[in-house]
Amino acid sequence: MKDLHFYNSLTRKKEKFEPTTPGYIGMYVCGPTVYSDVHLGNCRTFVSFDVIYRYLLYLNYKVRYVRNITDVGHLLDDGEDRMLKGARLEDLEPMEVAQKYANGFHDMMRIFNTLEPSIEPRATGHIIEQIEMVQAILDNGYGYIKNGSVYFDTLKYAEEKGSYGQLSGRVIEDLLTETRDNLKKQDEKNHPSDFAIWMKASPEHIMKWNSPWSVGFPGWHLECSAMSTKYLGKKFDIHGGGNDLKFPHHENEIAQNIGSCNCSPAKYWLHTNMLLMNGRKMSKSDGNTISPVELFTGDSPHVTKGYSPMVVRFFMLQSHYRSTLDLTDEALLAAEKGYKRLMEGYNNLQNLNGTAALKTELDQEILEILVGAKSDMNDDFNTPRSMARLFELVTKINALKAGQLKLTEVSSSTIEEAKKVMGAFLFDIFGLKDEVTSNADGGPIEGLMDLIIDLRQEARASKNWGTADKIRDGLQELNIQIKDGKDGTSWSLN
Ligand code: AMP
Ligand code: ZN
């Protein structure tokens, strides 16, 4: 595909991308709720949007990428605020919980080599904007006040605006029946499908603010409406998140934006699919889960060894962002091999120089692969197909290196183009780092690590536990994990 097209969840169609202002893009992605360690599913979503962001930059758009931090208002099913639960369990201030897990999230994003967003607003830093939006919704007649809380009137909204549920495809009548059982718990609402935009806080609630209606806190959906409007305007280009957020979070965001300013916020909605493990939803409650650190160190019954962050990133890119991704040990082993082959192929390419004077058939084939890699990305950011093209290129590179294909049959301009395009895809667009060739073949890091591991083995053999632990802890501070296994000690970058 020559121009960028992608699937818009709002229209359920693949559409040609046309930014509101030529050359500029405003993109909002729902960020993490920082009440516990970031999990791999979250990482999959943020890595997917990182590649999308990187590709838009590669196409020379000036992108303002806003990804928020949720630090208030995201309630659990039992009605407790996730942040307050975190604070209660860890005996910390809610803001300490937010800081701790936001730091952990940022560390993990760096480990996965994701680019930082242009703006990372926090919900608690935008209470005034959220109160103003609640007021605008009330002024427009789409909200009502009950005992100090404010609710969004979905029935009135659906009647006047023609629909509620366009994004998720939910029909309001179904919603009324689906959620009727919940009504008893939340009987302040006029209709089961209504949702809170401001909640009155109980006296013991810690995170609360003054408002015209009560001392309370904003509903979760409100922060994204208020912060996207503040930083990207009433109408912007792209809104993203995992597909579990389509309903109710994104549906309610749209209703709030239309209800407060009569404009639908984003033109294109992008949703990533879920991460599974061994074919089942990754879930903490039934033990079918693995943390990023466990995956890097191999310290989990679900994997036979540790996998480096770049192998995991490569693994994530081998599936399309709209497909589920099934994490299995076999798939990771295959990804490790694939990643190594790709990096070695790129390294081999650096040592090639073409010599043909004119364009040959082989030139043509290589140039087609390069064009194909881009047209695959233009077709709904198809990273697996684009990656498959790079593997076709590696096959040619390795054949040229081994002499099965002749360097006299390829021109230097084609080889130069291949170096440029493959480098851009691997490092700028896919955001991979070369952990293979810089460490391989007795390179200095590999050699140093062998030495350090030997020294630690010697210390352990002579029961010098202090030194052995000092080495392990010192490496850990440098984000290097070492793991003792049956086949000796291995190391990986955290
Ligand atoms: P949360 O911290 O729960 O608000 O989620 C942050 C982001 O991660 C949201 O965009 C979610 O949709 C996404 N997410 C949550 N679980 C998964 C999963 N298992 N796979 C992929 N994305 C997920
Ligand atoms: Zn959001």
Side-chain angles (χ1 to χ4, degrees), residues 9 27-50 52 66-77 81-83 85-86 97-98 101-102 104-106 108-109 112 114 117 120-123 126 130 133 167-168 195 197 218-232 236 238-257 265-266 269-286 288-292 295 312 315-316 319-327:
S9 310
M27 175 162 93
Y28 187 93
V29 173
C30 292
T33 307
V34 283
Y35 72 111
S36 64
D37 284 323
V38 61
H39 65 72
L40 264 178
N42 303 140
C43 295
R44 193 235 172 157
T45 285
F46 298 127
V47 165
S48 298
F49 282 107
D50 181 57
I52 289 171
V66 182
R67 188 184 65 206
N68 69 303
I69 295 249
T70 296
D71 56 0
V72 70
H74 193 178
L75 307 185
L76 293 156
D77 288 344
D81 188 313
R82 284 170 156 80
M83 299 307 304
K85 181 171 183 187
V97 175
Y101 292 111
F105 169 68
H106 289 142
M108 197 50 72
M109 289 298 100
F112 275 116
T114 64
E120 193 175 53
R122 289 184 183 220
H126 297 77
Q130 296 180 73
M133 193 167 253
L167 179 70
S168 55
F195 56 92
I197 47 183
W220 168 41
H221 318 302
L222 196 63
E223 61 173 274
C224 292
S225 286
M227 296 190 292
S228 63
T229 307
K230 174 159 177 145
Y231 297 110
L232 298 172
F236 56 95
I238 299 173
H239 194 311
N243 67 7
D244 57 331
L245 296 188
K246 257 191 208 169
F247 186 86
H249 186 55
H250 290 160
E251 201 68 80
N252 291 348
E253 261 190 59
I254 295 176
Q256 290 165 157
N257 283 74
W269 285 79
L270 264 67
H271 288 100
T272 54
N273 212 325
M274 295 289 105
L275 177 71
L276 312 175
M277 186 158 71
N278 298 320
R280 286 190 296 133
K281 186 170 188 277
M282 206 181 257
S283 140
K284 272 189 197 163
S285 51
D286 65 3
N288 193 40
T289 185
I290 182 169
S291 73
L295 188 54
V312 179
F315 165 71
M316 289 176 176
S319 75
H320 189 253
Y321 75 91
R322 283 196 293 122
S323 309
T324 52
L325 171 61
D326 192 12
L327 187 132

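FYI, the numbering just counts along the sequence from 1. For ligands, and for the atoms within them, numbers begin at 1 and follow the listed sequence.
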> Between the side chains of Ser319 and Arg44, is a donor N or O closer than 3.5 angstrom to an acceptor N or O?
Replying inline: yes
inquiry  = Check whether Thr45 reaches the backbone of Thr272 with its side chain - one donor and one acceptor, N or O, closer than 3.5 Å.
reply    = no
Of all heavy-atom pairs linking Val66 and Tyr231, the shortest is CG2-CB, 4.1 Å
Looking only at protein heavy atoms, what sits closest to atom 13 (C) of ligand 1 is Thr45 OG1, 3.7 Å
Check your understanding: Heavy-atom contact under 4.0 Å between Lys281 and ligand 1?
Key -> no
Closest to atom 4 (O) of ligand 1 (heavy atoms only, candidates Leu275, Thr33, Val38) is Thr33
With heavy atoms and a 4.0 Å threshold, my read on which part of His39 contacts ligand 1 is side chain
Query raised in the report: Is it true that some N/O/S atom of Cys224, main chain or side chain, lies under 2.8 Å from the Zn ion (ligand 2)?
Result: yes
for atom 10 (O) of ligand 1, nearest protein heavy atom and its distance come out as Gly242 N, 3.0 Å
Taking every heavy atom of Glu253 against every heavy atom of Asn257, the minimum-distance pair comes out as O-OD1, 2.8 Å
In terms of heavy-atom contacts, Gly86 and Val97 come closest through C-CG2, 3.8 Å
Heavy atoms of Asn278 and Asp326 approach each other most closely as N-OD1, 3.0 Å
Note: ligand 1 atoms sitting under 4.0 Å from heavy atoms of Phe46 are 6 (C), 7 (C)
Worksheet entry | Ring-face cation contact, Phe46 with Arg67, 6.0 Å cut, 45° max | yes
of all protein heavy atoms, closest to atom 6 (C) of ligand 1 is Asn42 ND2, 3.5 Å
I'd like to know whether ligand 1 has Leu245 as a neighbour, heavy-atom separation below 4.0 Å. yes
Please indicate whether any nitrogen or oxygen in Asp244 is less than 3.5 Å from any nitrogen or oxygen in ligand 1. yes
query = Should Tyr28 and Cys30 count as side-chain neighbours, where that means a heavy-atom distance under 4.5 Å?
reply = yes
message = Taking only non-hydrogen atoms of Leu325, do any sit less than 4.0 angstrom from ligand 1?
response = no
Query raised in the report: What do you reckon, does Gly31 put a non-hydrogen atom under 4.0 Å from ligand 1?
Result: yes
task = Return yes if some donor-acceptor pair links the side-chain N/O of Gln130 with the main-chain N/O of Pro218 below 3.5 Å, else return no.
result = no
Closest to atom 17 (C) of ligand 1 (heavy atoms only, candidates His249, His74, Met274) is Met274
Exercise for the section: Could you tell me how the ring of Trp220 sits relative to the ring of His249: parallel (under 30°), tilted (30 to 60°) or perpendicular (over 60°)? Expected result: parallel
Atoms of ligand 1 under 4.0 Å from any heavy atom of Asn273, numbered from 1 in the order shown, are 21 (C)
closest protein heavy atom to atom 21 (C) of ligand 1 is Gly41 O, 3.0 Å
Using a cut-off of strictly less than 2.8 Å, determine whether His249 has an N/O/S atom near the Zn ion (ligand 2). yes
> Any chance the side chains of Thr324 and Asn273 put a donor and an acceptor closer than 3.5 Å?
Replying inline: no
Quick look: Asn243 vs ligand 1, heavy-atom contacts under 4.0 Å, and the answer is neither
